[in-house]
Undergrad: 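Below is the structure I would like to discuss, written out as structure tokens.
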Amino acid sequence: GDTVTATIDVDTTGRLWVAADNGNLVQVRYSDGLYQIWSSPITVASGIGSDDISVITALPNGTVGVLWSDQNTKRFGYRYHIDGAAPTEWSVAEAPAAAAALNTGGGMADDHLNVAVAADGTLYAAVKTSYDSGGQTKIGLIVRRPNGQWDDSLYPVDTDGTRAIVLLNEAAGKLIVAGTVSSGAQVR
């Protein structure tokens, strides 16, 4: 399949990880040492839509996590790997903010994700939904706490827009979700 996007990060052991969609799969690969040779793909999720994406990020608790969109189930998914464990050992799938999912439009998940991680391990993810009806959250924020629990809420950011990113400035106590409006290149 064609890859829509790939992301890369390095864990606490120095292992480099890349996550990418491949057709209806979310797969990771890893590389050690001089990063010249990559592993075979390891599937962390299957059954996603061809337009879905994933993002991998290292967390300060010694894990790497993969967040993905799944427009077929209309939800987001997440799994983590403990640094130093066997590369094929991944947690069971989590369902981020599933309690906030609405049966509206195309559902909760769409194909734009961006993450930021706080020093305490809180994971903030700017997401785009497929709630394609007026007044519903189009750009939102989902949050995974250091204890591994996702907030039940999809925090609304905007009812329009696309390609949101999340910026975290802990020193200033600020979190910003920024994106473009669908009809132009204006920053909201």
Undergrad: Do T129 and Q136 make a side-chain contact, defined as non-hydrogen atoms from C-beta onward lying under 4.5 Å apart?
TA: no
Undergrad: Within the structure provided, determine whether P60 and V117 are in side-chain contact (heavy-atom separation under 4.5 Å).
TA: yes
Undergrad: If I compare all heavy atoms of V166 with all of A116, which pair ends up nearest, and what's the gap?
TA: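 Shortest heavy-atom separation between V166 and A116 comes out as CG1-N, 3.5 Å.
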Undergrad: Just checking R163: does its CZ atom have more than 12 heavy atoms from other residues, nucleotides or ligands closer to it than 6.0 angstrom?
TA: no
Undergrad: For N103, does the CG atom sit with more than 12 other heavy atoms under 6.0 Å from it, leaving out its own atoms?
TA: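 No - once you tally the heavy atoms of other residues, nucleotides and ligands closer than 6.0 Å, there are 12 at most.
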Undergrad: Looking at every heavy atom in both D160 and K138, which two are closest together, and how far apart are they?
TA: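 Between these two residues, the closest heavy atoms are N-CB, 3.7 Å.
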Undergrad: Please check this pair: side chain of S46 against backbone of L25, looking for a donor-acceptor N/O pair closer than 3.5 Å.
TA: no
Undergrad: Tell me if a side-chain donor or acceptor on D52 pairs with a main-chain N or O of N24 at a distance below 3.5 Å.
TA: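 Side chain of D52 to backbone of N24, a donor-acceptor pair under 3.5 Å: no, none is there.
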Undergrad: Main chain of V44, side chain of R79: is a donor-acceptor contact present, judged purely on distance under 3.5 Å?
TA: yes
Undergrad: What closest approach, in Å, do L59 and G121 show between heavy atoms, and which atom pair accounts for it?
TA: CD2-O, 4.3 Å
Undergrad: Is the closest side-chain donor-acceptor distance between D11 and W17 under 3.5 Å?
TA: yes
Undergrad: Taking salt bridge (Lys or Arg N to Asp or Glu O under 4.0 Å) as the definition, give me every residue that meets it alongside D32, ordered by chain and number, with sequence neighbours left out.
TA: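 So D32 forms a salt bridge (Lys or Arg N to Asp or Glu O under 4.0 Å) with R15.
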Undergrad: Which heavy atom of P96 sits nearest to which heavy atom of I142, and what is that distance?
TA: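 So the two residues come closest at CB-CD1, 3.7 Å.
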Undergrad: Answer yes or no: are there more than 12 heavy-atom neighbours, outside Y78 itself, under 6.0 Å from its atom OH?
TA: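 More than 12 heavy atoms, drawn from other residues, nucleotides or ligands, come within 6.0 Å of this atom.
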Undergrad: Using a 4.5 Å cut-off on heavy atoms from C-beta on, say whether the side chain of T7 contacts that of D9.
TA: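 Heavy-atom side-chain distance check fails, nothing below 4.5 Å.
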Undergrad: For a 4.5 angstrom cut-off between non-hydrogen side-chain atoms, does H81 reach Y30?
TA: no
Undergrad: Between P41 and N22, is there a side-chain heavy-atom distance shorter than 4.5 Å?
TA: no
Undergrad: Is Y80 close to L123 at the side-chain level, that is, under 4.5 Å between some pair of heavy atoms?
TA: no
Undergrad: For D151 and S153, indicate whether the former's side chain and the latter's backbone hold a donor-acceptor pair under 3.5 Å.
TA: no
